[in-house]
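Within every chain, numbering begins at 1; the chains are lettered A, B, ... in the order of the sequence lines, protein sequences first and strands thereafter.
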Protein chains: 2
Amino acid sequence: MDAMLLPANKTCPIAGALAVLGQKWNLLLLREAFVGSTRFAEFQRIGIPTATLGARLEVLVEAGLLERQAYQEEGERTREEYRLTQAGRDALPILAALAQWGETHLDLGARPKVGFVSVSSGSSAHLEFVDENGKLVKADNVRVERAA
Amino acid sequence: MDAMLLPANKTCPIAGALAVLGQKWNLLLLREAFVGSTRFAEFQRIGIPTATLGARLEVLVEAGLLERQAYQEEGERTREEYRLTQAGRDALPILAALAQWGETHLDLGARPKVGFVSVSSGSSAHLEFVDENGKLVKADNVRVERAA
DNA sequence: CCCCCTGACTTTAAAGATCGAACCCAGGAT
DNA sequence: ATCCTGGGTTCGATCTTTAAAGTCAGGGGG
């Protein structure tokens, strides 16, 4: 990841975000957190080796995307679980954008769709570009400008 | 990346997208393509080693995000440049989501902002969640559902 | 006291990915 | 013929991830 933090990349929000989110497994771990996983063993369900899981949870906590919270069940010791911070929750559009792209361009076979659901209306939600006046903008009508 | 394609992950659009887009450098290369880079040497500006660049461009072409096009300048040989396909262009929300997160949560220092601009209105564009009825949904009001 | 169990990690060597430096290739110009 | 330029490739070193084995710690039970 260091090589991606050249002077020019260091001020680029995309490169900066990728410095932590681009590390293997991190976005899938965040997805797990979004669907409710909190415990070490729950995060293992994505198939990540435990050594990597331990290291990644540490990275996500240090980067402020997850936080540790102590919990204790009856007859059990105090343990720690991992919960999304606001910064972690703010990564939701990244996951949604990846999901949208994957749905559109990959052959994923027959399966129930993954869902991003509006809690208040109960209907599914997807990402759109919106301009400063609140108008929808088609993605093909959005240009990326490099800072000078 | 293979371990991320467990049976359960294989049908997940996020994991599937990450199988190609999650590879180091690929999203930054797409960003370069969006701002107009087409040639091998132009992509090098992100600081990627040439060996990795060669391999990555091949991956992005094979995955259908970039395509090669022959070009020839006067007095020069025929060369190939790399241009976004529709699948490549459809990755724009991913870059925008990363940029939004980076802008919000990283200390990037003083610099001109990176821009996503609506071509027709000239104003900046950002991502929002929208429900099936076209209504804006706040991200904190979006729930991620795991497929059963 | 010891043992067991369970969940949460850690250790270690091997495999895989990325990198830096050197190098090669090919076509056009001289 | 050589030189130049752009587009790569090769290769050994370094870093990252992995699989397998292991440790740790607290609570319960004998």
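In this structure, CD in Q86(A) is found 10.0 Å from OG1 in T104(B), a value given to the nearest 0.5 Å. The distance from the OG1 atom of T11(A) to the CG atom of L106(B) is 11.5 Å, given to the nearest 0.5 Å. Here the CG atom belonging to D131(B) is positioned 11.0 Å from the CD atom belonging to E128(A), to the nearest 0.5 angstrom.
In this structure, F43(A) places its CZ atom 11 Å from P of dA8(C), rounding to the nearest Å. Spacing between atom CD of E58(B) and atom C1' of dT18(C) amounts to 18 Å, rounded to whole angstrom units. Between the CG atom of L53(A) and the P atom of dT17(D) there is a distance of 13 Å, given to the nearest Å. R56(A) places its CZ atom 13 Å from the P atom of dT10(C), with the value rounded to the nearest Å. In this structure, E73(A) atom CD and dG27(D) atom P are separated by 13 Å, rounded to whole Å.
Between W25(B) and the options L30(B), L60(B), I46(B), a side chain to side chain contact (heavy atoms under 4.5 Å, CB included) holds for only I46(B). Each of D140(B), N141(B), V142(B) was scored for a side chain to side chain contact (heavy atoms under 4.5 Å, CB included) with V119(A), with one residue passing: N141(B).
Within 4.0 Å (heavy atoms only), Q72(A) reaches sugar-phosphate atoms of the nucleic acid but no base atom.
In this structure, the side chain of T85(B) engages the main chain of L65(B) through a donor-acceptor pair within 3.5 Å. R68(B) places no side-chain N or O within donor-acceptor distance of the main-chain N or O of V61(B), the cut-off being under 3.5 Å. With hydrogens and angles disregarded, no donor-acceptor distance shorter than 3.5 Å links the side chain of R143(B) to the backbone of G115(A).
Looking at residues two or more places apart in sequence or on another chain, you find a ring pair (Phe, Tyr, Trp, His ring centres under 6.0 Å) between H105(A) and W101(A). Scanning for side chain to side chain contact (heavy atoms under 4.5 Å, CB included) contacts around S37(A) gives E32(A), E42(A), F43(A), R45(A), R146(B), with sequence neighbours left out. With sequence neighbours left out, the side chain to side chain contact (heavy atoms under 4.5 Å, CB included) criterion links E73(B) to R39(B), Y71(B), E76(B).
Between dC15(D) and K24(B), no contact under 4.0 Å exists linking OP1 or OP2 to a side-chain N or O. W25(B) has no side-chain polar atom (N or O) that falls below the 4.0 Å cut-off from OP1 or OP2 of dA17(C).
Inter-axis angle, ends of the helix from dC1(C)-dG30(D) to dT30(C)-dA1(D), five pairs per end, rounded to 10 degrees: 20°.
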Taking N or O atoms only and anything under 3.5 Å, show me the protein contacts with nucleotides 13-15 of chain C, one pair per line.
none

Review item, nucleotides 6-10 of chain D N/O atoms under 3.5 Å of protein N/O:
unit_1, atom_1, unit_2, atom_2, d
dG6(D), O4', R79(B), NH2, 3.4
dG7(D), OP1, Y71(B), OH, 3.0
dG7(D), OP2, A41(B), N, 3.2
dG8(D), OP2, Y82(B), OH, 3.2
dT9(D), O4, T50(B), OG1, 2.7

